Amino acid sequence: MLPHTFYFLLVAILNLCLQSEAFQNTKHLEIIMDHVFSLECDQLNKEDVVTWSQEQNQSLLAESLPAKIRLINKSLWFFPAQPSHSGNYSCVIRGHHGYLEKQFSISVANRTCPLVSSNIHKIYWKKGLNLPINCTFDHMKRMLQLDQHYKVSWQKGCTPLNKNNHVLRLNRLSESDSGNYTCLANFTQAGHVYTAARTFQVFVTVPGPVPQSPIVVKPKHETRIVKVGLRYDLNCRVFIQTEDVSETFVYWLVNYSHTEEFPELSELHSWCEQEGSASYCQCNLSLDVHTEFLHVPFTCVALNSKGKDNGTVILLPASEGELYGGLALLTSFIILALGLLIFHLFKVDLVLSYRNCSPCLQRQNDGKLYDAYVSYPHGNDENTSSVTNFALRILPKVLEDDLGYRLFISGRDELPGAAVHDVIAEKVGKSRRLIIILSSQAFKRPTDSTTTGLSHVPAEHLSLSNDARTIYPDLSDLNGMKGLNWGPYECWVGVYDALIKGHLQVILIQLEGEVDVSLLPESLRYISHTQGILRWKQDYSTKPNGKFWKQLRYRMPPVRKAKLAAIV
């Protein structure tokens, strides 16, 4: 007897567990009598087979449905709900994804004000924020598609509100705004007027820490190239907090109007999925591309109690999209070309301005003592007086006094009694630049053997050979340097450092008349071709912001001095 009793108790416990599990998985809905309502069984795709049944396994077939119950697009509709419709319903989905069953418990109530039940949509919103409540939501959207000329009214609890739009806007929420808001929509079907309702329960909460509002990940602000007449799908993907999934609305607007106003559009059901600690909601919009949909914004809106975000897509015809792409490429090329042209024209001013404004530029810490070594033809005749005046007066006044450079000027800074060629080699080696001042009188075709200057020096002494012996003159015979006053030797040393060692940058300055470049030694001709020659005239200004001095400062190393801040 004991085994039979144990078996009976075990079966009873299992039966209660199964009934309890079935009760927990059943969706309980309350429908107001004489209101239209639809039950939707989740579809995985259009090919799935959906069957409905009532309690006690009574199949609901299209040809044998109870009074005022219809099957429309695989959904079960109550047209309208009657007390006799109360009971349990189930739907079964069969497809290549498998088998799925959903159960519903329907209670039809004879009242005008809905009670709080599971089919009331709950909204939690922050105090002080604005809340839009959209009537065309969930099953209401499917019903109102039956008649595009529906009429809407709202009520709070049982009190009618003077609102007739499908969106009810509650501004600057307060605690008194909490409660049940019901949207009543009247529509016509087959010559009869019906009423559908949707109730929203609003909870106004006190603001706390700044919440994470939804973020539209895709699209942002995009354009898409489409072909008129073809089918096109728009996808919206939204990031939300996992706890906000149930209260998040994701929907599309076409030219700032709801998709319900465009019968040719089909907005697919949105769904949410969890990835780690966050969730993503998606909503697709499928459309046949017509000309009326071109150049207008398609806006995906994500909305919940923590905030709002949106993303926009604009459709362009294929030919126009290619044209815009070509124009964008041409515009980019023009902007780049103008930028390069402006930089080429104003690069000197830009570099000097950067040097003046940048706090990071300091005098180079490279062991050099001088910013430049100045070499020029020495002498007291009329041919060299203008050169001497420029080298000993004008140049140091601007570079040293006004700009703060350190110069070693040949003929001014040597110590008495020092070996001249040793001094030159040492000072050139400790300078960052070599400034060579060229005179037209020093470079002209010789007319007799007494002509002095660099043109009298054999060209091989200043050639581009890598052999230092061909660059330096034979210092054992100083008589060979007669009349040159050491200017040429400074050139040999500096040009050797610049071209062979690569330690020195040469700056050529031409005074007054033109210099015949063909008479220059090969190395100086190379420098003139690669770096150019600065030309100085007596009527030029001695102010540091003059064109000549800007070009010279551009070739000189950066130097920091307080008075430079006022020089452009």
Side-chain angles (χ1 to χ4, degrees), residues 15-42 50-62 64-93 100-123 133 135-144 146 153-160 178-187 189 192-203 246-247:
N15 186 44
L16 288 174
C17 290
L18 291 174
Q19 291 180 5
S20 175
E21 181 179 0
F23 180 80
Q24 292 177 357
N25 293 331
T26 299
K27 189 172 183 179
H28 298 269
L29 302 174
E30 180 185 86
I31 307 175
I32 302 299
M33 188 176 69
D34 293 330
H35 283 186
V36 175
F37 193 84
S38 68
L39 293 180
E40 175 114 0
C41 197
D42 291 338
V50 178
T51 58
W52 287 89
S53 62
Q54 204 171 5
E55 54 189 341
Q56 301 174 353
N57 296 323
Q58 295 180 3
S59 297
L60 297 176
L61 303 177
S64 60
L65 291 173
K68 299 185 179 180
I69 293 182
R70 303 180 189 178
L71 278 174
I72 303 176
N73 295 331
K74 302 179 183 180
S75 298
L76 192 65
W77 293 65
F78 300 89
F79 251 96
Q82 300 297 311
S84 60
H85 295 157
S86 297
N88 297 323
Y89 297 81
S90 64
C91 70
V92 175
I93 301 176
L100 177 65
E101 181 177 3
K102 291 187 66 177
Q103 296 180 352
F104 303 88
S105 177
I106 302 300
S107 175
V108 179
N110 185 10
R111 60 167 61 93
T112 56
C113 300
L115 296 177
V116 176
S117 61
S118 59
N119 66 314
I120 292 182
H121 188 76
K122 298 180 180 181
I123 301 176
I133 305 177
C135 180
T136 57
F137 175 74
D138 199 16
H139 71 277
M140 289 289 290
K141 178 180 177 179
R142 297 191 294 273
M143 285 182 284
L144 297 179
L146 300 176
S153 61
W154 288 87
Q155 65 183 36
K156 181 181 180 183
C158 294
T159 304
S178 298
N180 294 338
Y181 293 83
T182 302
C183 167
L184 298 170
N186 295 325
F187 64 96
Q189 173 68 10
H192 298 281
V193 178
Y194 297 97
T195 300
R198 184 66 160 127
T199 299
F200 303 85
Q201 188 175 17
V202 176
F203 298 89
S246 61
E247 62 170 89

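Please read these numbers as outputs of a predicted model, since none were measured by experiment.
For the residue pair Ser75 and Glu40, a side-chain donor N or O sits within less than 3.5 Å of a side-chain acceptor on the partner. For the 3.5 Å distance criterion, the side chains of Ser53 and Ser59 fail to qualify, holding no donor opposite an acceptor. A donor atom on one side chain and an acceptor atom on the other are found under 3.5 Å apart for Asp34 and Gln82. Side chains of Asn180 and Thr199: no donor on one and acceptor on the other come within 3.5 Å.
The aromatic rings of Phe187 and Tyr194 sit tilted, their planes meeting at an angle between 30° and 60°.
The nearest pair of heavy atoms linking Asn110 to Met33 is OD1-CE, 3.2 Å. Between Leu184 and Ala197 the shortest heavy-atom distance is CD2-CB, 3.6 Å.
Side-chain atoms of Ser90 and Lys102, non-hydrogen and from C-beta on, never get closer than 4.5 Å to each other. Leu60 is not listed as a side-chain neighbour of Thr51, based on a closest heavy-atom distance of 4.5 Å or more. Leu71 has its side chain within reach of Trp52: a pair of non-hydrogen atoms, C-beta onward, lies under 4.5 Å apart. The shortest distance between side-chain heavy atoms of Ile32 and Phe37 does not fall below 4.5 Å. Using a 4.5 Å cut-off on side-chain heavy atoms (C-beta onward), Glu101 and Cys91 make no contact. Between Ile69 and Leu76, the closest side-chain pair of non-hydrogen atoms falls below 4.5 Å. No side-chain heavy atom of Pro80 sits under 4.5 Å from any side-chain heavy atom of His35. At a threshold of 4.5 Å between non-hydrogen side-chain atoms, the residues Gln54 and Asn88 do not count as touching.
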message = Let's go through Ile31 and Ile106 carefully: what are the C-alpha distance in whole Å and the side-chain angles of both, what is the deciding distance for side-chain contact (heavy atoms from CB on, under 4.5 Å) to 0.1 Å, and is it a yes or a no?
response = CA-CA 7 Å; Ile31 307 175; Ile106 302 300; 3.6 Å; yes
Derivation and outcome, side-chain contact (heavy atoms from CB on, under 4.5 Å), residues Lys122 and Phe203 = CA-CA 8 Å; Lys122 298 180 180 181; Phe203 298 89; 4.1 Å; yes
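Side chain of His85 to backbone of Pro66: no donor-acceptor contact under 3.5 angstrom is found. Under the 3.5 Å distance criterion, the side-chain polar atoms of Ser86 are matched with a main-chain donor or acceptor of Val108. When atom types are taken as modelled, the side chain of Trp154 and the backbone of Cys135 share no donor-acceptor pair closer than 3.5 angstrom.
From Tyr89, atom OH reaches atom CG of Leu29 across 11.5 Å, with rounding to the nearest 0.5 Å.
Remark: Ser153 pairs with no residue by the side-chain hydrogen bond (donor to acceptor under 3.5 Å, both in side chains) rule, at least two apart or across chains. Annotation: side-chain hydrogen bond (donor to acceptor under 3.5 Å, both in side chains) contacts of Ser178 (sequence neighbours excluded): none.
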